[in-house]
S.K.: 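So that we are looking at the same thing, I have put the structure below in structure tokens.
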Protein chains: 2
Amino acid sequence: MKPESRKEEIINAASILFKEKGYSAVTMRDLAKAMGIKAASLYNHIQSKQEILSTIIIDLAEEFTSGMNQIVSSDKNATKKIENIIDLHIDVTLRNSDGLASLNNDWMHLEEENLQYFEKMRHDYEENFRNIVKKGVDQGEIKPFNIEIMVFSTLSTLRTLYLWYPKQRNIDADILKHDMISVLLKGIV
Amino acid sequence: MKPESRKEEIINAASILFKEKGYSAVTMRDLAKAMGIKAASLYNHIQSKQEILSTIIIDLAEEFTSGMNQIVSSDKNATKKIENIIDLHIDVTLRNSDGLASLNNDWMHLEEENLQYFEKMRHDYEENFRNIVKKGVDQGEIKPFNIEIMVFSTLSTLRTLYLWYPKQRNIDADILKHDMISVLLKGIV
DNA sequence: GTCTATATATAGATAGAC
DNA sequence: GTCTATCTATATATAGAC
């Protein structure tokens, strides 16, 4: 484990609090108390509460964007690409399930450029997903159900993993990946 | 359409704002502006901001609880019961998709008894769902995948409908029900 | 890197006039 | 049923000492 910088510690502590109560309901005093310091001291490491939120969300969104771009440009069939997307979500969830709460529920509190940047990444991500499913249907790999419903159903499950996985005991990541692929795909494929 | 009381108007306006920004980020002044009155005037109809939140959430949670109790006590097989649960979620989503945002994201801001009451209803709801799936597996109706993953996957999709359905154009409720049952069940059953 | 003290803004809510 | 005026608490953030 590489040592965390003080800024990283603050961001991790904030991720946990934001997950529990949401960005708006967490005060800088709450965050300082969780760190064992006073609120004013936080500002020696970060510029604003907003900077904490945007760091959490944008870093994660870029991680998903980067992962999706690799999958899209790979030379695999649709089914395999969807399996890779499931793996991506599980990997990110294992690494930072707290931060995913902010990405899912507090993105609307981003400001200006970061809000637009986030919304573009999310839109592109969904569009990439949709195109993979469409191509799978065209090539007879995936059942010809309503495309939007299949995309929504799969994505909503993957996006909610952060709420569910930390509560599960004794589920190994590889077993989870295998079983999640079964549940999400065996009905579609 | 029966005429709305002023209190119901406030609650509906609040549901929309809470959906957009979350309970904590919406001020009584925001709500008053949406109603075209001053913040102080709201208090002639409601006791507190907290009362608005608890009304939105508890009413919806009781609706789900009541619906689930009917399904549980009905004389049907597991597959049919799950279809009825899907119908229940779609019906509630059509009737009050705004309020479902609070139920999903702002329940932790409930106070005291209402928080406990809500958490018990949510727990019982999940337990009922889990038992239906278990029985379906035992009787060979449902594929023997990991129970928790099937329950989580289905519920996470149904709980997120409120975000997705309002954005869909030209999807009739009955068609949605049919297609959603296909996507969620044909892989499991 | 953390502290105390504080500036400034805004939150939920109440009192009392109309 | 709505208003203006206001109370009290608390929010984010800064200044400057240690």
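Numbers restart at 1 for each chain; the letters A, B, ... are given by sequence-line order, proteins then strands. Heavy-atom basis, side chains included; hydrogens, waters and symmetry copies ignored.
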S.K.: Between P on dT10(C) and NZ on Lys49(B), what's the gap in Å once rounded to a whole number?
M.R.: 15 Å
S.K.: Starting at CG of Leu53(B) and ending at C1' of dG12(C), how long is that distance when rounded to a whole Å?
M.R.: 14 Å
S.K.: Does either side chain, that of Asn69(B) or that of Ser66(B), offer a donor lying less than 3.5 Å from an acceptor on the other one?
M.R.: no
S.K.: Rounded to whole angstrom units, what separation is found between the OH atom of Tyr23(A) and the C1' atom of dA11(D)?
M.R.: 11 Å
S.K.: Rounded to whole Å, please give me the gap between CE in Met28(A) and P in dA7(C).
M.R.: 20 Å
S.K.: Is the shortest side-chain N to carboxylate O distance from Arg159(A) to Glu126(A) below 4.0 Å?
M.R.: yes
S.K.: Is the Tyr125(B) ring parallel, tilted or perpendicular to the Phe64(B) ring (thresholds 30°, 60°)?
M.R.: perpendicular
S.K.: Considering just the side-chain nitrogens and oxygens of Arg29(A), establish if one lies under 4.0 Å of OP1 or OP2 belonging to dA11(D).
M.R.: yes
S.K.: Respond yes when some side-chain nitrogen or oxygen of Tyr43(B) is under 4.0 Å from OP1 or OP2 of dA13(C), and no when none is.
M.R.: yes
S.K.: Could you tell me how the ring of Phe18(A) sits relative to the ring of Tyr23(A): parallel (under 30°), tilted (30 to 60°) or perpendicular (over 60°)?
M.R.: perpendicular
S.K.: Give me, pair by pair, the N or O atoms of the protein and of nucleotides 1-3 of chain D that are less than 3.5 Å apart, along with how far apart they are.
M.R.:
{"from": "dT2(D)", "atom 1": "OP1", "to": "Arg6(B)", "atom 2": "NE", "distance (Å)": "3.1"}
{"from": "dT2(D)", "atom 1": "OP1", "to": "Arg6(B)", "atom 2": "NH2", "distance (Å)": "2.8"}
{"from": "dT2(D)", "atom 1": "OP2", "to": "Arg6(B)", "atom 2": "NE", "distance (Å)": "3.4"}
{"from": "dT2(D)", "atom 1": "OP2", "to": "His45(B)", "atom 2": "NE2", "distance (Å)": "3.0"}
{"from": "dC3(D)", "atom 1": "OP2", "to": "Lys38(B)", "atom 2": "N", "distance (Å)": "2.4"}
{"from": "dC3(D)", "atom 1": "OP2", "to": "Ser41(B)", "atom 2": "OG", "distance (Å)": "3.0"}

S.K.: Quick check, are the ring centers of His89(A) and Phe129(A) under 6.0 angstrom apart?
M.R.: no
S.K.: Is a donor from one side chain sitting under 3.5 angstrom from an acceptor on the other, for Asn12(A) and Glu4(A)?
M.R.: yes
S.K.: Once you round it to whole Å, what is the distance between C1' of dA11(D) and CD of Gln50(A)?
M.R.: 15 Å
S.K.: Which residue, Gln47(A) or Asp30(A), contacts DNA chain D at a nucleotide closer to its 5' end, judged by nearest heavy atom?
M.R.: Asp30(A)
S.K.: Please give, in whole Å, the distance from dA11(D) P to Leu42(A) CG?
M.R.: 13 Å
